[in-house]
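The block underneath contains the structure these notes are about, expressed in structure tokens.
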Amino acid sequence: MMVFGLAFSFWTVQTASAAEGKNLIYDEANLLSEQEKSELNALANEYGAERQTDFIILTTNNTDNQDVELLTEDFYDEQGLGFDKVHGNAVILTMDMNFREVYLAGFYKAEDYLDSGRLDAIRSRITPDLSNGDYKLAFEKYIRLSYEYMGYEPGVNPNNILFNGWFQLGVAVAIGGIVVGIMAFRSGGRVTVNRATYEDSSSSSVIDRQDRYIRTTVTKQKIERNNNNGGGGGGGGGTTRGGHSHSGSRGSF
């Protein structure tokens with residue numbers, strides 16, 4: 001019985017270790033507790049395995065006052081990041097606590113499936129949480145959204161309403177209701193009585209007709225444009241000093 005207990009404990013430890021996998025959370029600014037880092041690391045490994053892409057988080061106090069994009073590029077080069085190989089498939093979220101900027105970059109497969117437009121959308125979704133100091137929540141959203149968006153083919157807008165599950169359900173219910181309505185209408189038999197059935201055409205005529213023009217009114221309304229882009233910033237990519245191209249999105253929080 002003791003041998004079984006030891007074997008079970010060993011299996012539990014091995015399973016937990018496998019679930020966490022390699023380290024993908026580089027919290028140099030100490031924004032997260034150990035438990036939060038462990039949970040985020042396990043989530044990043046689980047979702048990254050399905051997309052064959054490393055979902056990486058880097059937080060830094062940036063004491064050297066580097067540009068956040070250059071900082072991200074050098075980090076990728078120096079660490080040799082990548083799910084499939086050194087300098088392989090990866091997406092990085094970098095938080096610069098010095099200048100209060102965030103940068104997202106997608107490399108190789110992630111550059112195609114998380115292009116600058118999709119990274120802009122992800123950054124816009126997580127910026128309010130970053131601004132409020134809800135870092136773990138923002139990082140979870142980043143991992144889950146990156147995973148979700150990589151499920152769509154490149155060039156497709158993942159936020160298109162046609163891909164929304166509730167919209168699809170509503171359309172299905174509406175179509176079902178129309179079909180049932182048509183079937184119910186037809187099941188009642190066809191109505192053959194119409195206006196001509198009771199009308200005496202020899203004695204029926206139009207007595208009087210009158211058209212009266214009152215007025216025409218035209219109103220103008222200014223359409224306001226929404227310029228909010230999740231904390232400012234925008235899309236863009238580049239190439240690291242090591243020669244690795246990437247998509248990118250940058251903004252403040």
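In what follows, residues are counted from 1 in the order of the sequence shown.
- When the side-chain contact (heavy atoms from CB on, under 4.5 Å) test is applied to Q35, the partners found at least two apart in sequence or on another chain are S33, E39.
- Summarising the hydrophobic clusters (Ile, Leu, Val, Met, Phe, Trp, Tyr; side-chain heavy atoms under 4.5 Å, direct or chained), the residues clustered with F83 are none.
- By the side-chain hydrogen bond (donor to acceptor under 3.5 Å, both in side chains) test, S245 is found to be paired with E111, residues two or more places apart in sequence or in another chain being considered.
- F75 belongs to a hydrophobic cluster whose remaining members, ordered by chain and number, are L24, Y26, I56, L58, L71, Y76, L81, I92, F107, Y108; membership requires side-chain heavy atoms of ILVMFWY residues under 4.5 Å apart, directly or through intermediates.
- For the side-chain contact (heavy atoms from CB on, under 4.5 Å) test, residues two or more places apart in sequence or in another chain that qualify with N132 are D134.
- Under the salt bridge (charged side-chain N to carboxylate O under 4.0 Å, His left out) criterion, no residue pair touches residues 75-98, with sequence neighbours excluded.
- Counting only residues at least two apart or on different chains, no ring-ring contact (aromatic ring centres under 6.0 Å, His included) pair has a member in residues 115-146.
- Scanning for side-chain contact (heavy atoms from CB on, under 4.5 Å) contacts around N65 gives N98, F99, with sequence neighbours left out.
- In this view, Y113 satisfies the ring-ring contact (aromatic ring centres under 6.0 Å, His included) rule with no residue, not counting sequence neighbours.
- Remark: K109 engages no residue in a side-chain hydrogen bond (donor to acceptor under 3.5 Å, both in side chains) (not counting sequence neighbours).
- R241 places no side-chain N or O within 3.5 Å of a backbone atom of L70 that could act as its donor or acceptor partner.
- In terms of modelled atom types and a separation under 3.5 Å, the side chain of S116 and the main chain of G248 share a donor-acceptor contact.
- Residues passing the side-chain hydrogen bond (donor to acceptor under 3.5 Å, both in side chains) test with R125: none are found, sequence neighbours excluded.
- Looking at residues two or more places apart in sequence or on another chain, you find a side-chain hydrogen bond (donor to acceptor under 3.5 Å, both in side chains) between D129 and K141.
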